[in-house]
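This report refers to the structure that appears directly beneath it.
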Amino acid sequence: MDPPPLPRLLRLALLLLLVASPAALAWKKDEFRNCNQTPFCKRARTRAPHSLDAPLSLVAGSLAVSPDGALTAQLSHPSRPRPLLLRLSALPPHALRLQIDEDYSTTTPPHRRFHVPDVLLPDVDSRTLHLSKPQTVAGAAASTVALSSDLDALVNHDPFQLTVRRAGSGDPVLSFNSHGLFDFEPLHESKPEGDTWEENFRSHTDTRPRGPQSISFDVSFHGADFVYGLPEHGSTSLALRPTRGPGVEDSEPYRLFNLDVFEYLHESPFGLYGSIPFMIGHGPGTSSGFFWLNAAEMQIDVLAPGWDGAASTENGRIDTLWMAEAGVVDAFFFVGSEPKDVIKQYISVTGTPSLPQQFAVAYHQCRWNYRDEDDVAGVDAGFDEHDIPYDVLWLDIEHTDGKRYFTWDRSTFPNPEEMQRKIADKGRKMVTIVDPHMKRDSGYYLHEEATAKGYYVKDASGNDYDGWCWPGSSSYPDMLNPEIRDWWADKFSYQNYKGSTPTLYIWNDMNEPSVFNGPEVTMPRDAIHNGDVEHRELHNAYGYYFHMATSDGLVKRGEGKDRPFVLSRAFFAGSQRYGAVWTGDNSADWDHLKSSIPMVLTLGLTGITFSGADVGGFFGNPEPDLLVRWYQVGAFYPFFRGHAHHDTKRREPWLFGEQRTALMREAIHMRYSLLPYYYTLFQEASVTGVPVMRPLWLEFPDDKETYNNGEAFMVGPAILAQGIYEEGQKSVSVYLPGKELWYDLRNGSPYKGSVSHKLQVSEDSIPSFQRAGTIVPRKDRFRRSSTQMVNDPYTLVIALNSSGSAEGELYVDDGKSYDYQQGAFIHRRFIFADNKLTSINIAPDNLGKKVFSTECVIERIIVLGLSSGAKKAIIEPGNQEVEIDLGPISLRSGSRSVAPTVRRPNVRVIDDWTIRIA
Amino acid sequence: MRVLALLLLLWISTAAVAAAASSQPLETLGIPPQDEAYYRGGVIKCRDGSGKFTRDQLNDDFCDCPDGTDEPGTSACPEGKFYCQNAGHSPITIFSSRVNDGICDCCDGSDEYGSNGTCKNTCWEAGKAAREKLKKKVATYKSGVVIRNQEVEKAKVALAKDEAELAKLKGEEKILQGLVDKLTEQKKLIEKAEEEERLIKEKEEKRIKEEAEKQAAEEKKAPDASQEADSEDANGNEQEGESKVSEHHDGHVTDHDNHSPEGKTSVVEHDITAGTRDDAPAETSAVPTKEQDPTSVNTEGLSKAELGRLVASRWTGENVDDVGKGDKKGHDDEFDIPEPAEAALEDEHDIPTPAEENYAGYHSEVEDDRHKYDDEELSNVSDDEYVDNHEEPDESYKSDDDQKSDYHSDLTASEQASWLDKIQQTVQNVLQKFNFFKTPVDLSEASQVRKEYDDANSKLSKIQSRITSLTDKLKQDFGKEKEFYYFYDQCFEGKEGKYIYKVCPYKKASQVEGHSSTNLGRWDKFEESYRIMHFSSGDKCWNGPDRSLKVRLRCGLNNELNGVDEPSRCEYVAVLSTPALCVEEKLKELQKKLDTTSSDLPGHDEL
């Protein structure tokens with residue numbers, strides 16, 4: 001029986017070895033294709049400017065204005081089998097759309113190239129201008145066409161080249177193919193003899209039955225100091241760093257290919273969970289944007305000046321090279337004088353961010369996994385015990401019966417309705433996870449149904465694609481198909497989703513889609529979707545359609561009365577219409593905390609304003625100080641959620657000693673007090689697309705100092721904050737832009753603008769300031785959740801600028817329903833000037849008959865920068881007199897009274913009034 | 001009598017409802033009685049010294065003192081506290097954030113004075129239930145204190161006995177050691193003599209043999225084939241032994257080999273399995289990153305399902321073999337080593353080793369737990385459940401790794417004296433009889449010496465092992481009054497789901513499922529002044545910490561283990577009710593509390 005001594009010792013040694021080597025797991029570079037391993041990318045990337053064998057030129061005489069007002073023309077080259085069809089259309093005020101595809105009318109290409117459906121707003125076509133006839137440029141093979149009073153487009157014919165220019169000066173803003181890198185691989189009728197189209201990567205074979213079909217071109221951003229956008233990549237830089245050219249070390253291009261990347265790097269151009277092929281260029285006095293609607297794998301090079309060998313480069317121009325594996329050219333050129341104009345135009349084609357419910361803007365508590373009902377009750381009670389507000393408790397995959405979504409593990413969650421009701425009694429909500437991989441289990445009703453109806457994505461040989469994910473063998477509903485999306489949406493009804501209640505919302509994870517045994521942990525490119533579309537053509541949009549279907553499901557469930565909340569990991573252009581996004585499985589280290597800001601800012605610039613990173617970092621155990629700092633930064637994220645991997649130690653905010661509990665409570669309180677401001681900003685975003693959390697240069701577009709500041713950020717127009725990203729940091733340098741003063745959010749101390757301040761780092765907060773000239777609405781009473789704050793009174797914090805004035809807004813609605821779309825909201829503008837604060841209604845009165853009413857009053861008005869020793873204020877109408885006293889900026893023990901504070905004016909927020917400082 | 005009580009009840013409840021409905025006067029709202037004096041006077045100071053406020057500003061729903069002094073009765077100050085009187089039950093203090101938030105926090109409903117009677121006064125019922133509970137708790141403590149005192153007395157006696165035994169054993173050891181030393185010397189001499197004798201004999205034999213061989217050589221003979229075959233056979237045996245060894249060590253590899261027809265595949269599989277469980281030094285040394293990363297392996301040649309499992313395991317940390325098979329599985333069977341092997345490992349571990357370096361990093365947070373199980377909280381319902389479980393059979397039993405029995409079997413106390421005398425006598429006799437200088441050695445005498453030596457030696461080692469175990473035992477921390485002495489030889493078991501948890505204080509804790517057992521930790525120490533037993537450095541969790549267990553102790557009449565939980569991966573907690581925690585002071589405290597809650601009642605209970 002006794003094992004011989006040698007093995008025993010060996011085994012011990014092996015055991016020790018195992019113990020000694022911790023999970024030093026990290027990003028596995030060789031599991032992902034780089035550009036050199038990707039033929040279309042390698043071909044395009046190594047091509048020299050103007051070196052194409054068959055450059056496309058515009059067929060003279062084919063240029064015409066079509067009946068719908070667009071400009072059309074043929075592009076061809078003698079060596080090409082067929083000409084391509086070009087379409088140019090203008091969208092007011094300052095956007096140009098360029099479409100290039102095979103010409104299906106004259107010849108018959110073997111397949112139709114894929115146009116990404118349901119991303120552009122349905123009215124985009126109807127909003128296009130009727131273009132006038134193009135003018136021939138004298139002495140050149142070129143034409144011009146006016147796009148608006150101040151923009152035109154110059155079309156060079158041979159080779160085809162497009163430049164969007166400012167009409168008066170003729171200054172170029174954006175140009176397409178100015179470096180002659182435009183290539184459009186025509187679809188082949190059949191595979192040439194002896195040719196192989198197959199591509200192999202590691203153990204996977206891509207059959208590529210349709211052969212090469214890639215597209216590449218260069219785009220130049222004139223007048224731009226930096227370019228931004230292209231989520232999602234880990235980066236500590238807000239601006240996109242050059243990936244090629246002089247001074248650039250060997251770098252991959254920015255890759256857009258939705259992937260579930262295990263332990264991703266905080267600094268890498270490789271693609272992560274979502275893709276938005278939208279780039280913004282910005283420089284003093286000019287902003288522009290370029291958006292390529294294409295869901296195939298894309299690689300984009302940002303080229304350093306001199307990359308093309310040109311000795312002298314145009315001052316302020318950034319060249320970029322765009323490469324996609326498939327699809328068509330459907331690209332938008334946006335011109336703005338300011339970056340916000342560019343964002344607004346991008347939003348005008350991809351849709352405005354949906355307005356979240358009030359609760360969704362508050363704090364979320366998540367963990368993989370809260371194990372059972374007791375655990376849920378315990379965590380819920382923990383928040384109450386420590387007087388820390390939270391609004392949503394989340395359940396990850398373990399709550400299901402064997403990873404069958406829409407089911408419950410009844411051994412751990414025997415009474416889900418009861419559990420949700422208890423949480424809801426405190427005004428709180430719950431979220432459960434629903435992923436796209438369906439367990440291939442004959443006893444699982446969803447699998448049965450999807451199989452019977454043929455709703456799964458097919459593999460290259462036409463069978464239901466069988467991949468591997470959490471449940472094991474899994475299949476994936478084909479979300480490209482609207483019928484399947486409808487079917488999916490119905491699964492969220494209370495009747496279908498057993499154990500769900502009206503306070504349960506949804507989390508979509510793994511929707512890249514993540515396939516553990518697929519190439520690069522995703523679905524094979526030759527899998528087939530509805531309409532004979534190859535997965536390669538729509539890959540980057542799969543998660544988007546899934547998010548859409550889930551969101552639609554919640555709308556249906558609530559009979560159109562309850563705004564959905566769906567968090568998604570994968571995203572694409574337009575995802576802002578369906579809910580929130582987070583930056584996926586980050587790690588509990590300082591670098592990931594730092595990179596979360598550029599990542600969230602970039603998402604905001606590209607439409608997705610409702611985003612955040614997992615507070616604390618998903619993988620690994622954060623040092624307690626890191627966790628505190630993460631709460632302090634995360635409290636400013638538009639989407640604010642703590643989350644953790646199941647191998648990590650518990651990290652609910654009260655587990656790290658009283659002092660740290662107080663700090664995390666303080667951070668969360670800060671967010672709750674700013675909820676009225678955040679909600680107002682979300683409303684602004686839902687109309688204009690201008691994000692809640694903004695890069696500094698969005699507010700200070702002419703201040704070059706701000707252009708590549710990825711450490712500080714603005715929340716709306718009024719608040720600037722900067723994280724502490726280093727352990728034990730003693731001092732921090734914070735640049736405050738603009739001419740006006742900035743007031744410390746916590747103690748009201750003033751700081752000069754346009755100056756970099758070296759500040760002592762305090763442990764209680766990260767540097768955060770209110771800009772002079774702004775008014776911020778707050779609610780300073782903390783409750784269990786935002787629900788109980790509904791009737792609480794407001795505080796207005798007015799920071800006067802150098803001319804003694806300030807402005808701010810407050811938007812309020814029921815925080816839940818769609819009644820606001822019919823006018824049930826209040827929208828006020830507060831204006832302080834000449835020692836008078838006035839509240840005026842700025843709600844348009846043509847929206848509908850519904851009315852929102854509230855008894856909420858303003859209990860306190862803090863005026864920073866008010867010099868007079870005023871003791872009283874007079875409220876009009878009524879001429880009621882109220883006191884002015886010195887008061888603190890924030891109501892915390894030990895705060896000093898520093899600012900004149902109007903005590904209890906108690907004016908209702910829905911009324912018009914004026915308060916005069918006497 | 002009954003009518004009177006009923007009337008009283010009616011009166012109390014109407015009075016309470018009236019109190020809740022007609023809101024309290026502003027100047028006392030939310031102020032505990034002991035603080036009422038502080039709020040007298042026209043100008044009142046903020047407690048944090050930040051300022052002062054007038055009487056008008058008291059509870060005017062505007063926060064003048066950031067610390068909340070001026071708004072004890074409203075929600076205006078974030079840091080404020082609200083006192084509810086809860087007549088009929090115990091008064092409590094709640095966060096100001098709970099005032100008028102639409103949720104009933106005080107049983108008298110006083111925290112929701114602004115929301116039009118949404119909250120009914122439930123203090124009478126709640127108070128009654130709480131008092132009942134407290135009574136039961138006091139009863140438990142009363143009985144518990146008795147048991148505890150008995151145990152403390154027993155422990156004193158037993159400890160004294162242990163110490164006496166140890167002292168005695170040490171004395172015996174000394175004597176026996178002396179004998180053994182003498183016998184050893186004797187034995188050496190005999191052996192020396194025997195060796196000499198043997199050498200002489202050998203020499204003689206050799207001489208005879210050589211002579212014989214000489215003769216034989218002359219006769220010329222063919223080589224002996226059978227002899228050669230013999231040696232070959234021996235060789236073969238040796239090899240077989242070796243291969244057995246390696247087979248054992250690489251048991252699973254061989255397994256895979258059996259399953260896969262192609263050599264190539266099996267190599268890859270071996271690689272993976274080796275990475276996740278053991279390691280294949282030869283293969284991994286070439287690629288250093290692979291060595292550390294079980295899931296970064298050449299995935300060529302894996303089946304689709306294997307690849308899926310492998311990639312999934314990065315996130316889950318599960319054993320690749322288990323991924324996807326079951327849903328909750330995998331956590332606990334990383335170490336799939338068969339039972340005997342594990343026992344062997346534990347033998348290795350038995351040698352006390354210094355605490356692992358990384359141990360300090362895995363201190364789990366007790367604050368949370370403390371609250372959950374704090375038996376000071378009268379309001380905590382789950383806390384008092386144990387009171388009802390008097391009839392539960394005592395599940396504790398004697399620890400099976402007790403060595404005492406072995407020792408006692410041939411050395412019972414009564415026999416000891418005679419035994420020692422006897423052996424001393426015998427040895428004496430042997431030594432006297434034996435003549436060292438006599439050659440050749442008297443074989444019968446030599447064997448007697450050997451026998452005596454073996455006897456004495458084996459008895460010595462038994463005594464020594466008993467001494468070691470007693471010393472170990474007496475080194476332990478048995479608590480201020482040695483109230484945990486009787487834990488030493490006990491194990492406590494509790495069932496949670498499919499697992500049985502076994503906690504052996506001062507030894508180890510394990511989780512048992514069928515035949516497989518996972519070590520949750522070796523005894524570390526008591527924490528929080530004997531309210532927690534900490535077991536640490538248990539089996540390693542893949543991608544996680546070493547397993548550990550914290551057992552929270554609370555007063556109960558029987559030793560019962562329950563509430564086993566794993567709040568963080570591989571960090572377990574459990575609750576053990578035991579009389580050892582039924583402390584007299586606490587009983588007094590509870591008794592006092594019971595007395596005051598009962599006497600505080602409007603009209604008093606007994607009327």
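In the text below, chain A, chain B and the rest are named by the order of the sequence lines, each starting its count at 1. Since the model is a prediction, treat every value here as computed from it, not as a measurement.
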Exercise: do B:S75 and A:D792 side chains pair donor with acceptor under 3.5 Å: no
Per-residue contact mode, B:R98 against chain A (heavy atom under 4.5 angstrom): both
side-chain contact (heavy atoms from CB on, under 4.5 Å) between B:L310 and A:F516, intermediate numbers included: CA-CA 8 Å; B:L310 178 71; A:F516 292 154; over 6 Å; no
Minimum-distance pair of heavy atoms, taken over all atoms of A:Q788 and B:I103: NE2-CD1, 3.5 Å
Pair B:D48 + A:R892: basic N to acidic O under 4.0 Å: no
Check: B:W315 ring centroid to A:F618 ring centroid under 6.0 Å: no
SG-NE2 distance between B:C570 and A:H646, expressed to the nearest 0.5 angstrom: 9.5 Å
Ionic contact status for A:R371 with B:D565, cut-off 4.0 Å: yes
Best-contacting candidate, A:Y370, A:F619, A:W368, against chain B by heavy atom pairs under 4.5 angstrom: A:W368
Short side-chain to backbone donor-acceptor contact, B:R309 and A:N517, under 3.5 Å: no
Stepwise side-chain contact (heavy atoms from CB on, under 4.5 Å) check, B:D105 with A:R784: CA-CA 12 Å; B:D105 291 284; A:R784 286 179 169 89; 2.4 Å; yes
Over 12 foreign heavy atoms within 6.0 Å of NZ, B:K81: no
Donor-acceptor contact present, side-chain A:R783 to main-chain B:V99, <3.5 Å: yes
Minimum-distance pair of heavy atoms, taken over all atoms of A:E859 and B:F62: O-CE1, 3.1 Å
Pairwise side-chain contact, B:T316 with A:W470, heavy-atom cut-off 4.5 Å (strictly under): yes
Considering all heavy atoms, the nearest B:A305-A:W468 contact: CB-CZ3, 3.3 Å
Worked verdict on B:Q57 versus A:R903 for side-chain contact (heavy atoms from CB on, under 4.5 Å): CA-CA 11 Å; B:Q57 288 172 302; A:R903 276 185 105 258; 3.2 Å; yes
Smallest separation among heavy atoms of B:P66 and A:S895, with atom names: CG-O, 4.1 Å
Contact check, side chains of A:R860 and B:C63, non-hydrogen atoms, under 4.5 Å: yes
Check against salt bridge (charged side-chain N to carboxylate O under 4.0 Å, His left out), B:K304 and A:D466: CA-CA 9 Å; B:K304 291 275 174 188; A:D466 182 348; over 6 Å; no
Stepwise side-chain contact (heavy atoms from CB on, under 4.5 Å) test for B:L307 and A:H204: CA-CA 11 Å; B:L307 181 59; A:H204 303 280; 3.8 Å; yes
Exercise: identify the closest heavy-atom pair between A:D780 and B:P78: O-CG, 3.5 Å
Within-4.5 Å side-chain heavy-atom neighbours: B:E79 and A:L891: no
Trace of the side-chain hydrogen bond (donor to acceptor under 3.5 Å, both in side chains) decision for B:S568 with A:R651: CA-CA 9 Å; B:S568 288; A:R651 57 167 88 144; over 6 Å; no
A:R896 atom CZ: more than 12 heavy-atom contacts under 6.0 Å: no
Residue, of A:I397, A:D384, A:D372, that accumulates the most heavy atom pairs under 4.5 Å with chain B: A:D384
Electrostatic pair A:E31:B:R314 at N-O distance under 4.0 angstrom: yes
Test item: B:R569 side-chain N/O and A:T648 main-chain N/O as donor-acceptor pair under 3.5 Å: no
Engaged part of B:T69 at the chain A interface, taking heavy atoms whose separation is under 4.5 Å: neither
Stepwise salt bridge (charged side-chain N to carboxylate O under 4.0 Å, His left out) check, B:D61 with A:R781: CA-CA 11 Å; B:D61 203 24; A:R781 302 186 180 199; 2.8 Å; yes
Heavy-atom pair of closest approach, residues A:S893 and B:D67: OG-CB, 3.5 Å
